[in-house]
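For reference, the structure discussed in these notes is given below.
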Amino acid sequence: MSQSSDIERLRALSGIKWRRYGDDVIPAWVADMDFPTAPAIIDALRTMVDASDFGYNGVSFDDSIPKAWAEWSERRFGWRPDVERTKVFSTSLQAIATALMVGTSAGDGVLLFTPVYPPFFGMIEKSGRTLVEYHLDQAELRIDEDLLRSAIEPGTRAVILCNPHNPTGRVFDLAELTAIARVAEERDLLVISDEIWQDFVYPGARHIPFASLSTEAMARCVTVTAASKSFSLGGLSCAVANLGDARVAEGFAALPPHLLGDVNALGACATLAAWTHGEAWLAETVDALHANRDHLVARLTAELPEVGIAMPQATYVAWLDFRRTGVAVDPAAQLLKRGRVGLSSGPDFGVAGEGFARLNFATHPDLLDQIIDRIGLVCHATA
Ligand SMILES: Cc1ncc(COP(=O)(O)O)c(C=O)c1O
């Protein structure tokens with residue numbers, strides 16, 4: 001679908017992506033896609049709506065979603081999460097925050113590979129845990145085993161791994177994941193593995209679930225994912241977590257009943273439809289994003305070589321380095337003000353994000369071109 005036929009729909013949406021800024025701004029920030037939803041999901045939701053099927057919902061209580069995820073994960077990544085050890089949550093962040101509360105104590109250190117998805121920082125700070133950072137080398141973006149060992153402090157108890165990695169688009173490979181598993185074993189760390197970007201991996205890279213490495217890795221891991229990123233269902237709130245770590249599983253079981261609430265029936269319905277009937281739609285979407293990624297990188301390299309871009313191996317976000325441009329100080333704010341284009345602010349992803357901004361390229365190609373044009377105008381005007 002072209003931008004011209006879809007822009008009215010996008011501008012009328014209630015979601016935050018298109019609502020936050022004025023009508024003259026093209027948003028390229030929060031990780032929602034601009035494409036219409038997969039027909040299989042719309043059909044499933046429509047059936048519920050048409051039947052006024054809004055009573056307490058079986059799908060959110062039984063094991064249909066854990067089973068659907070287990071099959072999805074086995075088919076796509078060769079790892080079948082244990083249904084018995086899988087819980088359904090409202091959001092991935094709820095599952096991650098709860099795992100952190102249950103699996104660590106106040107004062108414990110929690111390691112992040114920074115720059116990283118901003119909500120993790122607040123979770124650590126507000127729960128009285130201590131932030132421990134592994135600063136990814138901004139050129140290589142690789143995890144080095146010895147550097148990881150030296151980043152870990154005596155009170156470090158957990159790692160929140162984001163793989164594929166937001167915002168850099170890195171897919172950590174077998175050697176890197178094995179290194180994390182080895183260090184976690186040595187230092188008795190809980191690994192909370194956020195794999196919500198698992199489905200957007202481009203040719204040349206492969207997603208390896210951390211828990212699939214070995215029985216030992218699984219036994220110290222909580223794997224969190226959802227259909228919400230792959231199918232752009234963020235507002236429907238449904239996620240899953242495999243509680244491989246027995247201590248964490250016991251901690252969850254001991255929580256007061258109802259503390260976490262139940263999953264919304266529409267979110268459960270959409271998730272089930274996505275994981276059972278959504279694969280062909282997803283494959284087409286990943287192809288479109290792959291083309292967008294290549295187009296973005298080709299245009300930036302040719303027209304704006306002063307803007308650095310690490311080729312994303314996965315995700316639909318690009319981590320742009322504006323440090324050699326005239327908008328090096330909070331580039332997202334300057335691009336919004338001068339260019340009317342809304343990127344995510346780099347410093348929100350940690351101190352390593354100074355001089356960077358994150359661009360969401362999950363949009364129609366003509367809108368993506370306008371986003372690049374606007375960035376180019378601002379960079380050239382401030383050069
Ligand atoms: C790495 C990562 N984790 C979690 C989320 C949020 O997921 P949820 O809406 O299920 O909490 C996002 C959303 O962009 C994300 O990028």
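Ligands are counted one by one from 1 in listed order, and the atoms in each one are counted from 1 as well.
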With side chain to side chain donor-acceptor pair (under 3.5 Å) as the test, would you mind laying out the steps for Asn166 and Thr315 before giving the verdict? CA-CA 7 Å; Asn166 174 7; Thr315 79; over 6 Å; no

Test ring pair (Phe, Tyr, Trp, His ring centres under 6.0 Å) on Phe349 and Phe120; report intermediate values, then the result. CA-CA 9 Å; Phe349 294 77; Phe120 298 153; over 10 Å; no

Could you list each nitrogen or oxygen of ligand 1 that sits under 3.5 Å from a protein nitrogen or oxygen, with the atom names and the distance?
residue: ligand 1; atom: 3 (N); partner: Asp194; partner atom: OD2; Å: 2.5
residue: ligand 1; atom: 10 (O); partner: Ser92; partner atom: N; Å: 2.8
residue: ligand 1; atom: 10 (O); partner: Ser92; partner atom: OG; Å: 2.8
residue: ligand 1; atom: 11 (O); partner: Ser92; partner atom: N; Å: 3.2
residue: ligand 1; atom: 11 (O); partner: Leu93; partner atom: N; Å: 3.0
residue: ligand 1; atom: 14 (O); partner: Lys229; partner atom: NZ; Å: 2.8
residue: ligand 1; atom: 16 (O); partner: Asn166; partner atom: ND2; Å: 2.9
residue: ligand 1; atom: 16 (O); partner: Trp197; partner atom: NE1; Å: 2.9

When the ring centroid of His165 is compared with that of Phe172, is the distance short of 6.0 Å?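 Yes: the rings meet the under 6.0 Å criterion.
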
Do [X] and [Y] form a cation-pi contact, if we require the NZ or CZ to be under 6.0 Å from the six-membered ring centre and within 45 degrees of the ring's axis?
X      : Y     : answer
Lys87  : Phe89 : yes
Arg358 : Trp29 : no
Arg20  : Trp18 : no

